[in-house]
Amino acid sequence: MTFSRDTLFSIALLVASMVVACLLGEATLRVKNSSMTNYDIEMWRYARELKVKTSDPSLDFVHLKSKSAVLQNVEIRLNEWGLRGDPIPAVSPDKRRILFLGASTTLGWGVREEDTVEKRLERSFAAAGQRVEVLNGGIGNYNAERYVSRFLKQLTGLNPTDIVVQYFMRDAESLPPGGGNFLLRHSQLAVTLWIAYQRLFNGSGEANFVERYRKVYEPDQPGFIVMQRELKKLSNYARERGIRLYFMMTPDVHDLLDYKFTFVHDIMRRIAEDDGYVYVDLLPMMTGLRPEQTWAMPGDPHPGAFGHKLMADAIFPMLAKPAGAGARSQIEK
């Protein structure tokens, strides 16, 4: 099959026009997104600038060490362990070390370091005259399998006296390996189009969201089974070493006026108590709050600074109790 010169010229012109249009679109988006107020693009930058792929399928990726980046107009500093915050000193026998495990809420996405749960708790302990370090082991886009595996494989050398699992309902989902193709790794235009496609065809309404998580928490779902296995594994490790364990159930902040995920809290309370965690539910502290009170910024349904204050206020009374004191379960009123 042969093409005439005019046909070849037309094809070449079409291809060139598409390339130029894509380049212009990419350049326009990068200028627009330089304000760091596009949540999806800032998460994309987070993956590019502060994460590295790993060959371990239970982790998929980890934080880079001793790196920092300004994301969503907030600096995120990673220390020599890949934890957010200052370098970590040697273990002191007269000082408690509390390690938080979790995902982006634990990390404090969109929140200044000094306003995160961990830093607020350190200040509260200091004001109470207690010598306590609070370490931030959160990594965005982790689930229970990933953050438990990371602790057991990479962070046991921190020798915590206490571990707080900051659980979110997404932590029972099966998360496929990420990374995407070349375009998704390097192009904001490609990422924007891909996200628009996913939202258009995969459904993002509230009814779909609720139904999605009802399915996630069915007993036969693979992610639900793995989540329980990993929490039990962490419980066994902690019990053998005398580490105190806490389970901080974190609500979804999309809609705290008409909250529809209490069924997840009920399920996780039973699991946590059976495994010996001290259970603290943050929902009573946050019920009734509007998005503008809790979100890190418009379009970003992560708890902002005020949300982190409420979470720290809820967990502090349980953490401040002497070892062995308190009930196995607590819901802050």
Side-chain angles (χ1 to χ4, degrees), residues 26-54 59-87 100-120 134-143 146-147 150 166 168 170-171 175 178-180 183-196 198-199 250 252-254 291-292 294-309 311-312:
E26 182 73 22
T28 301
L29 278 177
R30 287 182 179 264
V31 171
K32 178 180 180 295
N33 293 331
S34 63
S35 65
M36 299 188 187
T37 56
N38 185 317
Y39 166 70
D40 294 315
I41 294 300
E42 291 305 291
M43 273 289 184
W44 172 78
R45 289 184 54 233
Y46 170 42
R48 283 169 50 89
E49 298 182 30
L50 293 182
K51 294 179 181 178
V52 61
K53 289 283 289 183
T54 174
L59 298 176
D60 188 28
F61 56 85
V62 294
H63 272 162
L64 291 165
K65 297 177 181 179
S66 302
K67 297 287 185 179
S68 68
V70 177
L71 302 165
Q72 208 162 288
N73 291 306
V74 170
E75 182 183 23
I76 296 180
R77 301 183 306 144
L78 302 178
N79 60 29
E80 73 278 15
W81 288 82
L83 276 61
R84 186 178 185 184
D86 298 316
F100 272 68
L101 300 178
S104 51
T105 296
T106 305
L107 174 71
W109 178 258
V111 177
R112 297 183 307 165
E113 186 177 311
E114 59 266 34
D115 291 331
T116 60
V117 166
E118 295 81 9
K119 289 299 183 184
R120 289 179 182 277
V134 187
L135 307 182
N136 185 340
I139 296 187
N141 296 317
Y142 259 27
N143 59 5
R146 290 177 178 176
Y147 55 69
R150 181 181 180 231
Q166 183 166 15
F168 182 68
R170 187 172 183 256
D171 293 356
L175 301 179
L183 281 176
L184 290 177
R185 289 195 302 271
H186 295 90
S187 169
Q188 292 190 17
L189 177 61
V191 170
T192 300
L193 293 174
W194 173 249
I195 290 171
Q198 291 292 315
R199 289 174 178 167
T250 308
D252 177 76
V253 299
H254 276 89
E292 59 267 26
T294 53
W295 288 23
M297 72 172 190
D300 175 10
H302 282 86
F306 180 60
H308 276 251
K309 178 185 183 304
M311 294 188 290

Which atom names give the shortest non-hydrogen contact between [X] and [Y], and what distance separates them?
X	Y	result
Thr105	Pro303	OG1-CD, 3.8 Å
His302	Tyr39	CE1-OH, 3.1 Å
Asp60	Arg146	OD2-NH2, 3.4 Å

So, taking the atom named [atom1] in [X] and the one named [atom2] in [Y], what distance separates them when rounded to the nearest 0.5 Å?
X	Y	atom1	atom2	answer
Lys53	Phe61	NZ	CZ	8.0 Å
Trp295	Met297	CH2	CE	10.5 Å
Glu118	Asn136	CD	CG	3.5 Å

Might you work through the side chain to side chain contact (heavy atoms under 4.5 Å, CB included) test for Trp81 and Leu135, ending with a clear yes or no?
CA-CA 10 Å; Trp81 288 82; Leu135 307 182; over 6 Å; no
Who are the salt bridge (Lys or Arg N to Asp or Glu O under 4.0 Å) partners of Glu49, not counting sequence neighbours?
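Testing Glu49 for salt bridge (Lys or Arg N to Asp or Glu O under 4.0 Å), a comparison that skips the adjacent residues, returns Arg45.
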Of all residues at least two apart in sequence or in a different chain, which pass the salt bridge (Lys or Arg N to Asp or Glu O under 4.0 Å) check with Arg150?
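By the salt bridge (Lys or Arg N to Asp or Glu O under 4.0 Å) rule, Arg150 matches no residue at all.
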Applying the side chain to side chain contact (heavy atoms under 4.5 Å, CB included) criterion to Leu50, which one of Leu107, Leu78, Ile139 satisfies it?
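With Leu50 as partner, side chain to side chain contact (heavy atoms under 4.5 Å, CB included) holds for just one option, Leu78.
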State which residues pass side-chain contact (heavy atoms from CB on, under 4.5 Å) with Asp171; sequence neighbours excluded, sorted by chain then number.
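Asp171: side-chain contact (heavy atoms from CB on, under 4.5 Å) contacts with Ala144, Tyr147, Tyr167, Phe168.
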Partner residues of Asp115 under the side-chain contact (heavy atoms from CB on, under 4.5 Å) criterion, sequence neighbours left out
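For Asp115, the residues satisfying side-chain contact (heavy atoms from CB on, under 4.5 Å) (neighbours in sequence not counted) are Val111, Arg112, Arg120, Ala305.
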According to side chain to side chain donor-acceptor pair (under 3.5 Å), who are the partners of [X], at least two apart in sequence or on a separate chain?
X	result
Lys309	Asp313
Tyr142	none
Asp252	His254
His63	Tyr46

Is the closest side-chain heavy-atom distance between Pro298 and Glu292 below 4.5 Å?
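SC-SC contact between Pro298 and Glu292 ruled out.
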In the structure I gave you, are the side-chain heavy atoms of Thr106 and Leu101 within less than 4.5 Å of one another anywhere?
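No, too far: nothing below the 4.5 Å cut-off.
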What verdict does the side chain to side chain contact (heavy atoms under 4.5 Å, CB included) test give for Arg170 and Asn143, after you've listed the backbone C-alpha separation in whole Å, the side-chain angles of each residue and the deciding distance to 0.1 Å?
CA-CA 7 Å; Arg170 187 172 183 256; Asn143 59 5; over 6 Å; no
Stepwise side chain to side chain contact (heavy atoms under 4.5 Å, CB included) check, Ile41 with Met36:
CA-CA 8 Å; Ile41 294 300; Met36 299 188 187; over 6 Å; no
Applying salt bridge (charged side-chain N to carboxylate O under 4.0 Å, His left out) as the test, list every pair that has at least one member in residues 70-83; sequence neighbours left out.
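Passing the test, one end in residues 70-83: Arg77-Asp86, Arg77-Glu113.
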Pair up each side-chain donor or acceptor in residues 64-73 with any protein partner under 3.5 Å, not counting sequence neighbours, and list the distances.
from: Gln72; atom 1: OE1; to: Trp109; atom 2: NE1; distance (Å): 3.1
from: Gln72; atom 1: NE2; to: Asp300; atom 2: OD2; distance (Å): 2.6
from: Asn73; atom 1: ND2; to: Ser35; atom 2: O; distance (Å): 3.0

